[in-house]
Number of protein chains: 2
Amino acid sequence: MKPRITLKKIAREFGVSISTVSKALKDSHEISEETRGKIKAFADYYHYKPNNLALQLRNQKTSVIGVIVPEIVHHFFSTVINGIEKYATEKGYNVMVCLSNESYEKEVSNMSVLTNGSVDGLIVSIARETQQNQNFKHFEAIINDDFPLVLFDRINDDIECDKVIIDDIGGAFKATNHLIEIGSKRIALLTTQDFITVGSLRKKGYIKSLNKNKISVDESLIYKIDDNLDLYEQIKKVFAVKNPPDAILAVNEIYAAIALKIAKESGLKIPEDIAIIGFTSGLISEYTDPPLTCVEQHGFLMGKQVAELLINRIENTAPSEFQKVVISPNLKIRKSTLDN
Amino acid sequence: MKPRITLKKIAREFGVSISTVSKALKDSHEISEETRGKIKAFADYYHYKPNNLALQLRNQKTSVIGVIVPEIVHHFFSTVINGIEKYATEKGYNVMVCLSNESYEKEVSNMSVLTNGSVDGLIVSIARETQQNQNFKHFEAIINDDFPLVLFDRINDDIECDKVIIDDIGGAFKATNHLIEIGSKRIALLTTQDFITVGSLRKKGYIKSLNKNKISVDESLIYKIDDNLDLYEQIKKVFAVKNPPDAILAVNEIYAAIALKIAKESGLKIPEDIAIIGFTSGLISEYTDPPLTCVEQHGFLMGKQVAELLINRIENTAPSEFQKVVISPNLKIRKSTLDN
DNA sequence: TACAAACACGAAAACGTTTGCGCAAATTAT
DNA sequence: ATAATTTGCGCAAACGTTTTCGTGTTTGTA
């Protein structure tokens with residue numbers, strides 16, 4: 001790479017001081033029209049642009065916000081990032097994305113690197129491994145320094161900072177209510193292992209709805225899927241019982257799509273024989289046959305919200321108490337539950 | 001945010017010079033065991049971490065690579081980013097992601113900001129608007145400065161830099177050959193408008209296969225879809241002709257899924273009445289009914305490749321001539337073309 | 001006792017920028 | 001002609017770090 005043109009070089013060119021050049025380029029009245037003109041022409045010609053690092057160091061401000069997500073090849077997370085980027089750009093910030101890959105160690109190292117002065121604030125969705133360990137010391141460290149931090153979706157209540165979450169309980173509650181309204185009696189739940197927060201919250205919403213509708217909770221209808229095993233085989237078991245369910249609520253899109261596929265292979269009609277709802281994060285639900293009714297998560301809105309909280313925190317326009325914003329998902333009804 | 005602890009503050013604390021502190025923290029033998037010990041203990045206690053900006057400024061190296069993509073809520077692009085991030089992390093680089101949102105102006109401003117010293121090199125996939133304008137001056141500017149740059153997927157041959165592309169012609173060629181092999185005679189092509197490079201390349205591969213198989217090109221079978229209009233309505237026309245096709249090659253997943261849906265609504269059997277292939281970038285193809293045969297694009301591999309070229313360029317371990325790496329897609333055969 | 005060597009540390013430059021202040025020279029006012 | 005003001009520019013500090021080169025003190029050796 002060619003050496004960049006700097007104030008110093010321009011100054012040397014004209015035999016003036018660096019400050020004269022700096023002021024000239026900023027159209028300062030301190031510098032004569034003549035000097036200003038020739039310096040600006042020269043700078044233009046050589047495409048002078050102030051070095052950002054120097055500016056950031058001097059201003060003690062990077063105008064960059066760091067984002068750490070467990071993965072990026074994931075419709076929900078990329079949608080959130082999109083929202084973050086949108087809002088950040090509007091406010092003059094750039095976005096630096098890092099991936100934890102669900103690994104505790106990578107999360108720690110990413111946080112350590114980013115808080116070294118590279119960014120003005122941090123947005124994090126906690127890695128699965130960290131959630132399992134329940135080890136949040138790396139967060140305490142930056143919170144002690146009052147480093148601006150916002151958690152979203154995968155959060156932990158013990159970490160004192162701003163947070164944005166989806167109302168998972170409410171979403172599952174709505175979905176289950178809908179299934180009951182259309183006449184479902186035996187609603188199976190396809191959820192994750194317990195340590196996945198969203199899975200357990202959605203289970204709560206499911207149970208809350210059953211309770212409200214005076215339906216007893218049948219533990220044999222609750223399936224905890226392990227993402228490391230074969231999904232297809234695990235979900236098959238739902239149908240291989242004497243008294244199979246007449247509805248399924250799946251905590252994500254993939255589980256729902258696979259359940260749909262197996263149901264059809266078993267000769268079941270959807271939604272007549274079995275109704276299916278998933279939590280969606282992508283486009284799959286729209287293109288299955290029939291399309292899947294789903295709980296929509298508003299990732300873009302979430303991203304904007306997260307970015308807004310963070311930037312307010314950075315710019316000290318936020319209230320001193322930490323905020324917890326809850327975003328309500330909505331139920332998108334398609335033909336997997338209502339065919340009309 | 002609390003003011004960060006710096007070398008200067010530590011120095012003041014012990015009444016020594018900044019350089020002494022710096023050396024002590026680096027375990028320099030120049031500093032006595034005693035001084036070293038107390039300084040390190042103090043620094044540890046206050047979680048001293050060198051300020052990255054200062055280091056970057058001094059070393060004239062940021063170890064950050066900038067990535068500009070048209071969008072991020074897109075399976076292909078996020079997969080490429082994932083590959084980039086993976087390789088970059090291995091090599092000690094961080095990734096700064098910016099979105100052009102298909103806008104020329106945003107692409108220009110992103111590039112301008114990132115090349116101000118914030119990153120050591122740039123990876124770009126060109127925005128649609130830029131492709132339409134054919135205005136590449138912003139690239140010339142940074143190429144004149146020998147700024148490390150790699151283009152991928154959405155490239156332009158006039159820009160002199162390293163490039164990584166998918167063999168779109170080959171992919172479409174393979175797919176069309178496959179359709180012909182299974183007996184298709186009238187193969188429709190669902191492509192994009194001409195200025196979208198990938199669309200026109202895939203069209204070339206389609207025509208190349210027809211030629212090789214001595215099938216004349218029927219222009220009435222080629223549909224140029226406009227993404228700004230209603231996709232469903234446009235694709236419907238494929239089926240609303242006297243002599244409809246017996247196969248469809250779609251240049252992306254969505255077109256293919258919609259075509260599949262309409263075909264089924266029209267009472268056609270797949271693949272018996274009509275076979276369908278799409279270029280895939282996401283998970284949709286896997287969950288349609290029947291699952292779609294598709295051309296897989298290896299985004300992750302592409303990302304690693306792109307990052308490798310860039311980092312070699314940055315670290316001057318690259319050959320001086322620019323390279324153009326072509327990644328061959330493969331055909332994933334599913335039941336939308338072969339049902340056995 | 002004198003001199004060399006080892007030891008322990010500091011000064012200063014460099015990365016590139018901005019900005020308050022000072023200081024001549026030129027211009028205006030008295 | 002002298003004083004006051006304006007004009008045009010440079011100095012230097014500051015952001016935080018690393019590193020080369022000096023320098024003074026202590027220790028070791030002849």
Side-chain angles (χ1 to χ4, degrees), chain A residues 1-40 42-43 46-64 113-120 145, chain B residues 1-40 42-43 46-64 113-120 145:
Chain A
M1 199 173 85
K2 285 184 197 162
R4 301 173 51 84
I5 182 92
T6 67
L7 292 184
K8 188 191 275 191
K9 288 179 193 162
I10 302 181
R12 202 175 293 148
E13 182 72 22
F14 290 101
V16 297
S17 77
I18 293 177
S19 41
T20 300
V21 177
S22 175
K23 288 169 183 168
L25 293 177
K26 301 186 105 66
D27 258 334
S28 163
H29 59 274
E30 285 186 43
I31 309 301
S32 73
E33 196 95 32
E34 189 196 343
T35 314
R36 240 188 291 170
K38 64 185 186 189
I39 287 181
K40 287 173 72 175
F42 186 86
Y46 285 103
H47 304 119
Y48 171 78
K49 287 185 291 187
N51 182 309
N52 234 320
L53 289 178
L55 283 180
Q56 291 175 4
L57 183 59
R58 166 163 231 276
N59 300 333
Q60 295 291 84
K61 166 142 184 100
T62 65
S63 291
V64 175
V113 170
L114 292 186
T115 54
N116 272 344
S118 305
V119 302
D120 291 342
D145 294 338
Chain B
M1 197 173 88
K2 284 185 197 161
R4 302 173 51 85
I5 181 93
T6 67
L7 291 184
K8 187 190 278 190
K9 288 179 192 161
I10 302 180
R12 203 175 294 147
E13 181 72 22
F14 291 101
V16 297
S17 77
I18 293 178
S19 40
T20 301
V21 178
S22 175
K23 288 170 185 167
L25 293 177
K26 300 187 106 65
D27 257 334
S28 163
H29 58 274
E30 285 186 41
I31 310 300
S32 73
E33 196 95 31
E34 190 196 343
T35 313
R36 240 188 291 170
K38 64 185 186 189
I39 287 181
K40 286 173 74 176
F42 184 87
Y46 285 103
H47 304 118
Y48 170 78
K49 286 186 292 186
N51 181 310
N52 234 320
L53 290 178
L55 283 180
Q56 292 175 3
L57 183 60
R58 164 162 234 277
N59 299 332
Q60 295 289 85
K61 166 143 185 101
T62 64
S63 291
V64 175
V113 170
L114 291 186
T115 53
N116 272 344
S118 305
V119 301
D120 291 342
D145 294 339

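Each chain gets a letter, A, B and so on, in the order the sequences are listed, and its residues count up from 1.
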**Student:** Find out whether A:D145 and B:R4 are in side-chain contact, i.e. whether some heavy atom of one side chain is under 4.5 Å from a heavy atom of the other.
**Tutor:** no

**Student:** Nearest whole Å is fine: how far is D:dT18 C1' from B:Q56 CD?
**Tutor:** 15 Å

**Student:** Taking the side chain as everything from C-beta on, heavy atoms only, tell me whether B:T20 gets closer than 4.5 Å to B:E30.
**Tutor:** no

**Student:** Specify the separation, in whole Å, of atom CD1 of A:I31 and atom P of D:dC11.
**Tutor:** 13 Å

**Student:** Protein within reach of the bases, or only the backbone? For nucleotides 15-22 of chain C, mark each nucleotide 5' to 3' as B, S or -, using heavy atoms under 4.0 Å.
**Tutor:** BBBBBBB-

**Student:** Please report, rounded to the nearest Å, how far the P atom of C:dA8 is from the CZ atom of B:F14.
**Tutor:** 17 Å

**Student:** Is the shortest side-chain heavy-atom distance between A:Q56 and B:S118 below 4.5 Å?
**Tutor:** yes

**Student:** I'd like to know if the side chain of B:S22 pairs up with that of B:S19 as donor and acceptor (distance under 3.5 Å, no hydrogens or angles considered).
**Tutor:** no

**Student:** With sequence neighbours left out, what residues match B:Y48 under ring pair (Phe, Tyr, Trp, His ring centres under 6.0 Å)?
**Tutor:** none

